[in-house]
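Note on naming: letters A, B, ... go to the chains in the order of the sequence lines (proteins, then strands), and numbering restarts at 1 for each one. Only a predicted model underlies this, so the values are computations on that prediction, with no experimental measurement involved.
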Amino acid sequence: MKYRIFDTEQEALDAEAQVALDIGCVKVGVNAKTGEAQPDKQVTERWAIPQQIQDGRWVFVSPDDEGVEAGDDWWPQEEFIDG
Amino acid sequence: MALELVNKLPYDHPYRWDGTAVGGVKLWRPDELGADLALWLDAADASTITLNGSNVSQWDDKSGNGKHVSQGEATLQPQYDSFQLNSLSTISFVDDILGTSSPLSEVATDWSYTGVMNFTESNPSTADAFLSSNTSASGTFQMDIRSVGGNNALSFSGKDDGGENNTPTALYQNPYNTITGILYCSVDSTGVKTSFNGVQVDSSTATFRTGMTVPVRLGVNRSVANFLNANHAEHVFTTSVLSTEDRQKMEGYLAWKWGLEANLPAGHPYKSTPPTA
């Protein structure tokens, strides 16, 4: 999985909005049984919410091969199996 | 109509579950619990699934309480029908999350959870969860893979009412292989009890806040860091600890529906036939 990386949150938000527009992911869902549109159900609102990584930059999951692999030090520490 | 013939009808055939219309038996379903039903998610019921392509944006609650789980972010939506159990659709989570938008306020004190899951997890280093409260506050819980008594286990764990991490209660020991099974846990003022495929596995006196004051999430742990990649078939929460009779009916219903009846122990009342209403 690759990520697109930005210096500021606004740059990331703008880029994510463009990705969502380009791939057409913002849309009303359809019922799995009938195939009918369901505007009263959860709409897919965006591609991904940009997240801030440990060094202060902002990233979101790339929809294609453009971008970089996640660094080991990007995310907050996970919860380990200590009870 | 004989029960055997009712069972041959497709899952979504109206008389499979209510044979009374043709003079037959009515099979037991979770809605027989009435007001005790807090949340009921059934991946086999396509009418309750809203899709964004092949991904799930909403999975409707069948309890009547409107506690649907949903996801508006495309990259976090699980996949529908990429894995089947007993020819029934499941929802596959791979670093994905669905959650309720409000707490299960119907659960005022005690509660129970019963569900069917399929997953493969090998020697995890983190507590990867498939179900959790959406905060890490005191009295909240999660169901995950972690170490219990020196063995990796599918477990129920969380922080007790004092904010301390409790000793996890095992649901299934050493799950290094693919697991498909019926999970059950109950929470009341005496602690937690867990069962797997109709057999009680573990118990503890860990005291959680009885009741559910925060929303619940599928696919990840309380701190939204540890995902358990798994196929979710069905989840049922009730507003009380099930009686032995109702717990066995729930296990029988799930076992026969999802093709797991062979996993029930000898002597289980629904080992040979599904429960009827």
Notebook entry, point to check: Who pairs with B/W258 by ring-ring contact (aromatic ring centres under 6.0 Å, His included), at least two apart in sequence or on another chain?
Noted result: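 With sequence neighbours excluded, B/W258 shows a ring-ring contact (aromatic ring centres under 6.0 Å, His included) to no residue whatsoever.
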Checklist line | Max heavy-atom pair count under 4.5 Å with chain B, selected residue of A/G35, A/G29, A/P63 | finding: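 The residue among A/G35, A/G29, A/P63 with the greatest pair count is A/G29.
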Margin query: At under 4.5 Å between heavy atoms, what parts of residues 10-28 of chain A are in contact with chain B? List them by residue number.
Written below: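 The residues closer than 4.5 Å to chain B, in numerical order, are A/C25, A/K27.
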Check: So which residues of residues 38-51 of chain A are in contact with chain B at a heavy-atom cut-off of under 4.5 Å?
Finding: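 The residues closer than 4.5 Å to chain B, in numerical order, are A/Q38, A/K41, A/Q42, A/V43, A/T44, A/E45, A/R46, A/W47, A/A48, A/I49.
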Check: What pairs with A/Y3 under side-chain hydrogen bond (donor to acceptor under 3.5 Å, both in side chains), at least two apart in sequence or on another chain?
Finding: none
Note to self: Under a 4.5 Å cutoff for heavy-atom pairs, which residue among B/T48, B/T50, B/I49 has the most contacts with chain A?
What the structure shows: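 Max contact count across the listed options: B/T50.
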Notebook entry, point to check: In terms of heavy-atom pairs under 4.5 Å with chain A, which of B/D81, B/D60, B/L76 leads?
Noted result: B/D60
Next item on the list: Give the minimum heavy-atom separation between A/N31 and B/S47, together with the two atoms involved.
Entry: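 Here A/N31 and B/S47 meet closest at ND2-O, 2.8 Å.
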Note to self: Please classify the contact of B/Q71 with chain A as side chain, backbone, both or neither, using a heavy-atom distance under 4.5 Å.
What the structure shows: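 The backbone, not the side chain.
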